[in-house]
Amino acid sequence: MKDFTSKTDADGVAIITWDTIGKSMNVMNQQGFTDLDALIDQALADDAVKGIIITSGKEGSFAGGMDLNIIAKMKDSAGDDPARGLFDGVMAMHGVLRKIERAGMDPKTNKGGKPIAAALPGTALGIGLEIPLACHRIFAADNPKAKIGLPEIQVGIFPGAGGTTRLARKLGAMGASPLLLEGKLNDPQGAKRAGVIDEVVPAEELIAAAKAWVLSGPSIVKPWDEKGYKMPGGVPYHPAGFMTFVGASAMVNGKTMGVYPAAKALLSAVYEGALVPFDTALKIEARWFTNVLMNPSSSAMIRSLFINKEALEKGANRPDAPDQKVKQVGVIGAGMMGAGIALVSALAGIKVVLIDAKQEAADKGKSYTADYMDKGIARKKATEDKKTAVLGLINATTDYDALKDCDLIVEAVFEDTSVKAEVTKKVQAVTGPDCIFATNTSTLPITELAKASNNAANFIGIHFFSPVDKMLLVEIIKGKETGDVAVAKALDFVRQIRKTPIVVNDARFFYANRCIIPYINEGIRMVKEGVSPALIENAAKLVGMPLGPLQLVDETSIDLGVKIAKATRAAMGDDYPDGEVDEVLFWMADQDRLGRKSNAGFYAYDDKGKRQGLWDDLTAQYPVADDQPDLVTVQHRLLFAQVLEAVRALEDGVLTDIREGDVGAILGWGFAPWSGGPFSWLDIIGAPYAAERCDQLTEQFGDRFKTPDLLRDMADKGHEFYKRFDKSAKAA
Ligand code: NAD
């Protein structure tokens, strides 16, 4: 059995069908290429074959793309000279696709050749679109759920099997840029409008339509193989083309801050490729693709953002317990978080009982879902019927008796131990001890809160991030006595609402907040020291953090920072290390600058709440010193503040899986995604250098940068996190 098979019908049309064995959607691997190549050779050589259709044996889809597991490991398996090995491998791929495109034509006269059509029953992504782009005409079934596009950029690579060169030549740099640079996906009608595919036909007519075209004696020479071809919108030296590339270059650097190698390489491949003939352009594309694959950032991004994220979503750390799918969830507290949790649950088709102390508050929480659906309707992403159905799943009430059929409770009331204890007791009086009880606390230890429960084994933390509907991560926290069924329930719930879970053990601030707080604190500490606030913020962004630390504390609110600081100081006593930070934070709070919510914080805001720039008077209170640190020092302080906390969380057993540490960091607080996460970053820079840098930072700035024992040990032994701790590697 092979992934590709071919059958020639009575009319002389060879139908090559892609049907990856053992997968619900086709994915390409090296063997697949070899097989496809052989079938194309065979069809081109067979006089009985007049034309070819390439299609899929999977209902509703053509292909999901390359097998990214293979791409992530390509460098390691490319031999002693990996760049050469990779380049040769990529060029071999180009060879197959170019053969499809030329289809046996005479290289000089463009005469002869056999028409080859792609017939896409549905979704066609990555290589699943690059193959059709090499064909002479692309037909797609009118399947509005299908997604068509080249999303490679989102996992740290770019379309490297000719998709970049072909799409840029087909649509021009301007037309291709959202598809290539943002990985924008379209449904078939949208893909046709964008000029990516040629025809959309009813699903049942797909093969017939492709066949009719193949047999119609069509012209099959690609525009770029014709004499006098001009790139739409102009080549870089054409005045219009020049403007496009200047704009695209600025846009890419503005969006990526220069830290994503793939975006820059993609642009270079398009720019340089536009200046030369097509076959040379493919070689240039292959060189840049090799360059990206050689960059450790791309394999780290693929590993965290695709392979490990998916493994966690599929339950890599789920205990062995029967299916715990949630049928009805009780959400207690209909405030900002509770309203969001009710929304995402109802969107997943789960019945919700949304409780607050007052009916008005419960209704207000439910209205969040109504507003969300209204926005969706305005953007044509939802319908009135869908809104009615989703709202029909939410029962907003003050009546705890309504909870009796719930199989999961998520409590999101005030962050106060006694309020939470009272609510826990009230809920359990109705649900009994078998119902799993989860708290959404962001700071209170789960083991402590579990004391109010009558069944600590069924008590767990399910920590959502704000805003719930946008944030992809959910942190599941096990208290000391939390049992396997509760963990399985939390994981199955997170899977139902299509978010990514990490499972951590109970400790102050769990995992995400434990790492974010030192990041914010390091930024504020630098303000106190006289480091220019603009340098602090820009250094963070230039190293790939989505928000500088000062902007982040404005967003999460300064009074929350004050509250957390006070509680931490009370818990730690004399060991509390952040007095200097508090001086600035408390002063800001005293000025009523509470962050975005008060339209005043480290940044200034206009009346409508739009951020204007850093607040001028901050430097009147904390003057900028004459001597400013260099950019890398500021960046290292900000990164190590987070990364060392992640290492300590692993040492302490809060994290038990570095994959969760990396995926959680990127999805939870946007930790420099180009790096693949804190552990991947340490592997990129190497433990010996990391330890040495920590020693220097400790000497200059204090003990918070002290090299953790684990990192020291790894530095001494030359270990890498993903060799020493990779659970997927052990499982494989
Ligand atoms: P919020 O103040 O917006 O909402 C709390 C809601 O709980 C209010 O509507 C209140 O009326 C209700 N409530 C209080 N006591 C109640 C009781 N006894 N019975 C029923 N309802 C009661 O707060 P929030 O921001 O939604 O936070 C809720 C929880 O989520 C807290 O534990 C918080 O630490 C945690 N959390 C917050 C965030 C965040 O960014 N805001 C993020 C993660 C976790």
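Both ligands and their constituent atoms are indexed starting at 1 by order of listing.
When ring centroids are compared, F437 and F459 come within the 6.0 Å threshold. Taking the six-membered ring where the residue is Trp, the centroids of F671 and W681 are separated by 6.0 Å or more.
Contact annotation for F464 and ligand 1: only backbone heavy atoms (N, CA, C, O) come within less than 4.0 Å of the ligand. Proximity of L444 to ligand 1, defined as any heavy-atom pair under 4.0 Å, is not found for any part of the residue. Using a 4.0 Å cut-off between heavy atoms, V413 contacts ligand 1 through both its backbone and its side chain.
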Apply side chain to side chain donor-acceptor pair (under 3.5 Å) to the pair E537 and Y603, showing each step before the final yes or no.
CA-CA 11 Å; E537 295 293 270; Y603 282 79; 2.6 Å; yes

With ring pair (Phe, Tyr, Trp, His ring centres under 6.0 Å) as the test, would you mind laying out the steps for W669 and Y519 before giving the verdict?
CA-CA 11 Å; W669 73 95; Y519 170 63; 8.7 Å; no

Show, in sequence, the C-alpha distance, side-chain angles and deciding distance for T441 and E415, and conclude whether the side chain to side chain donor-acceptor pair (under 3.5 Å) test is met.
CA-CA 6 Å; T441 178; E415 188 75 338; 2.8 Å; yes

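The distance from ligand 1 to the heavy atoms of G335 drops below 4.0 Å at these ligand atoms: 3 (O), 4 (O), 6 (C), 9 (O), 26 (O). Set against the non-hydrogen atoms of Y400, the atoms of ligand 1 under 4.0 Å away are 19 (N), 20 (C). Near V419, meaning under 4.0 Å from any of its heavy atoms, are these atoms of ligand 1: 15 (N).
The CG atom of D607 sits 13.0 Å away from atom NZ of K610, with the distance rounded to the nearest 0.5 Å. Here the CG atom belonging to L594 is positioned 10.0 Å from the CG atom belonging to D554, to the nearest 0.5 angstrom.
At a 3.5 angstrom cut-off on N or O pairs, H463 does not count as close to ligand 1. Checking only distances, E415 does come within under 3.5 Å of ligand 1, N or O to N or O. The N/O atoms of E422, backbone and side chain alike, include none that comes under 3.5 Å of an N/O atom in ligand 1. Taking any N or O of A361, backbone or side chain, none lies under 3.5 Å from an N or O belonging to ligand 1. Any N or O atom pair closer than 3.5 Å counts here, and M336 shares at least one such pair with ligand 1. Considering backbone and side-chain atoms alike, T441 places every N or O at 3.5 Å or more from each N or O of ligand 1.
Closest to atom 10 (C) of ligand 1 by heavy atom, among L560, D356, V427, is D356. Here the shortest heavy-atom distance to atom 5 (C) of ligand 1, taken over S466, A357, G333, A412, belongs to A412.
Nearest protein neighbour of atom 30 (O) of ligand 1, counting heavy atoms only, is N440 ND2, 3.0 Å. For atom 37 (C) of ligand 1, the nearest non-hydrogen atom of the protein is M337 CG, 3.4 Å. In this structure, the protein non-hydrogen atom closest to atom 2 (O) of ligand 1 is F414 CE2, 3.5 Å. Considering only non-hydrogen protein atoms, atom 18 (N) of ligand 1 sits nearest to V423 CG2, 3.4 Å.
Using a 4.5 Å cut-off on side-chain heavy atoms (C-beta onward), M301 and V155 make no contact. A heavy-atom distance below 4.5 Å is not found between the side chains of I332 and V410.
Of the protein's heavy atoms, at least one falls inside 4.0 Å of atom 24 (P) of ligand 1.
Ring geometry for F705 versus F701: interplanar angle over 60°, hence perpendicular rather than tilted (30 to 60°).
The minimum heavy-atom distance between N455 and S453, with the atom names listed, is N-OG, 2.8 Å.
Checking each of L403, D407, D405 against T431 for a side chain to side chain contact (heavy atoms under 4.5 Å, CB included) leaves exactly one that passes, namely L403.
Within the structure, ligand 1 has K420 among the residues with a heavy atom less than 4.0 angstrom away.
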